[in-house]
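In this text the structure is predicted, and so the values were computed from the model without any measurement.
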Amino acid sequence: MNAHRTTTAADDAAASDARKLRLRYLAAGFWIAFTWIGEGDAPAWEHALRTLVILLILPPSLLRANRHFTHKLYESARPGRVMAQLITARIVIITAAFGTSILLGRLLDPGAAHPPVLPAIGFGLLLLSIPAQIRHAHRTRARTTHPAAQPTLSAPRLMAVKLIKVTTALIAQLLLTPYLPNATYVVAAALFLTSATLGPRIHRNFLVTQPATKNEEAERVAA
């Protein structure tokens with residue numbers, strides 16, 4: 001009976017993790033497509049360049065901040081402060097990455113109209129994600145396994161795959177533009193579908209086990 005309950009609980013946890021993973025890649029696909037559409041009338045190379053700038057800033061900075069503050073959150077006696085630092089760091093990094101991309105678009109094409117609607121919507125959605133981030137942080141703290149012992153995403157691997165996606169999207173839009181008036185939106189939809197469907201399947205290939213820092217090693221020895 002206990003074995004059956006343990007198996008059922010493990011299956012439920014695995015199903016929950018798989019569902020969360022799919023949601024994460026849905027969100028990632030949405031943001032990539034959102035970025036690609038950001039300058040709708042811009043040439044294909046500009047879409048690719050702006051998206052590439054985001055990818056060069058976001059994964060290394062965001063993954064490093066997540067690792068640092070998640071460890072602190074797990075160990076801190078004052079989780080509220082660390083939780084606020086974690087969420088603030090995420091918002092600042094994401095805003096800086098997308099802000100840099102938007103600024104680049106202004107510099108590349110200063111004469112074009114740049115309505116603030118899409119950036120405002122993006123920032124609003126980011127703020128609306130705060131409650132979900134708080135729930136996730138509480139669940140992270142409730143885990144029995146220290147985050148340092150769990151695999152984490154590899155920024156170089158993630159960036160390499162994203163670079164391939166951006167290059168493929170650029171080539172696709174260049175080929176489709178003479179035949180489709182809305183090639184930008186077709187490519188954006190393809191980027192979204194690729195992330196949403198293939199991302200969860202190849203997610204395991206992005207995971208690495210991070211070496212422990214000196215502080216973590218000292219804490220383990222002391223324990």
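By the side chain to side chain donor-acceptor pair (under 3.5 Å) test, S129 is found to be paired with Q133, residues two or more places apart in sequence or in another chain being considered. By the ring-ring contact (aromatic ring centres under 6.0 Å, His included) test, F30 pairs with F34, sequence neighbours left out. Checked against side-chain contact (heavy atoms from CB on, under 4.5 Å), A137 has the following partners two or more places apart in sequence or in another chain: L73, M83. With sequence neighbours excluded, no residue forms a side chain to side chain donor-acceptor pair (under 3.5 Å) with H68. Partners of R64 by side-chain contact (heavy atoms from CB on, under 4.5 Å), not counting sequence neighbours: none found. Applying the ring-ring contact (aromatic ring centres under 6.0 Å, His included) rule to F206 yields no partners; only residues at least two apart in sequence or on another chain are considered.
Taking each heavy atom of A65 and L86 in turn, the nearest pair found is O-CD1, 4.3 Å. Between A188 and A33, the closest heavy-atom pair is O-CB, 3.3 Å. Residue A196 comes nearest to L26 through the heavy atom pair CB-CD2, 3.5 Å, listed as atom of the first residue, atom of the second, then distance. Closest of all the heavy-atom pairs between T184 and W36 is O-CD1, 3.6 Å.
Both L126 and L23 are members of a single hydrophobic cluster when ILVMFWY side chains are connected at heavy-atom separations under 4.5 Å. In this structure, Y179 is not a member of the same hydrophobic cluster as V186, with clusters built from ILVMFWY side-chain heavy atoms closer than 4.5 Å. In the hydrophobic clustering of this structure, W31 groups with I121; members are Ile, Leu, Val, Met, Phe, Trp, Tyr whose side-chain heavy atoms approach within less than 4.5 Å, directly or through other members. When the side chains of ILVMFWY residues are joined at heavy-atom separations under 4.5 Å, either directly or via intervening members, L191 and L56 end up in two distinct hydrophobic clusters.
Rounding to the nearest 0.5 angstrom, the gap separating the CD atom in E46 from the OG1 atom in T51 is 10.0 Å. Distance check: I37 CD1 to I32 CD1 gives 12.0 Å after rounding to the nearest 0.5 Å. Within the model, atoms CG of L55 and OG of S101 stand 9.5 Å from one another, a figure rounded to the nearest 0.5 Å.
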Please tabulate, for side-chain N and O atoms in residues 157-169, each donor-acceptor pair with protein atoms closer than 3.5 Å (sequence neighbours left out).
{"unit_1": "R157", "atom_1": "NH1", "unit_2": "N205", "atom_2": "O", "d": "3.0"}
{"unit_1": "R157", "atom_1": "NH1", "unit_2": "L207", "atom_2": "O", "d": "3.3"}
{"unit_1": "K165", "atom_1": "NZ", "unit_2": "S195", "atom_2": "OG", "d": "2.3"}
{"unit_1": "T167", "atom_1": "OG1", "unit_2": "L163", "atom_2": "O", "d": "2.8"}
{"unit_1": "T168", "atom_1": "OG1", "unit_2": "I164", "atom_2": "O", "d": "2.8"}

Could you pull out all donor-acceptor pairs under 3.5 Å where a side-chain atom in residues 92-100 meets a protein atom, sequence neighbours excluded?
{"unit_1": "T95", "atom_1": "OG1", "unit_2": "I91", "atom_2": "O", "d": "2.6"}
{"unit_1": "T100", "atom_1": "OG1", "unit_2": "A96", "atom_2": "O", "d": "2.7"}

**Study point:** Criterion side-chain contact (heavy atoms from CB on, under 4.5 Å) on R24 and H203, from CA distance to verdict
**Key:** CA-CA 11 Å; R24 285 169 56 188; H203 175 78; 4.0 Å; yes
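L104 belongs to a hydrophobic cluster with W45, L49, V53, I57, L108, L170, L174, counting contacts under 4.5 Å between side-chain heavy atoms of Ile, Leu, Val, Met, Phe, Trp and Tyr, direct or through other members. The other members of the hydrophobic cluster of L103, by chain and number, are L107 (side-chain heavy atoms under 4.5 Å, ILVMFWY only). Hydrophobic cluster of L175: the remaining members, joined at side-chain heavy-atom separations below 4.5 Å, are I171, listed by chain and number.
Pairs of residues two or more places apart, or lying in two chains, never qualify as ring pair (Phe, Tyr, Trp, His ring centres under 6.0 Å) while including a residue from residues 152-173.
Q85 is listed as a side-chain neighbour of K72, based on a closest heavy-atom distance under 4.5 Å.
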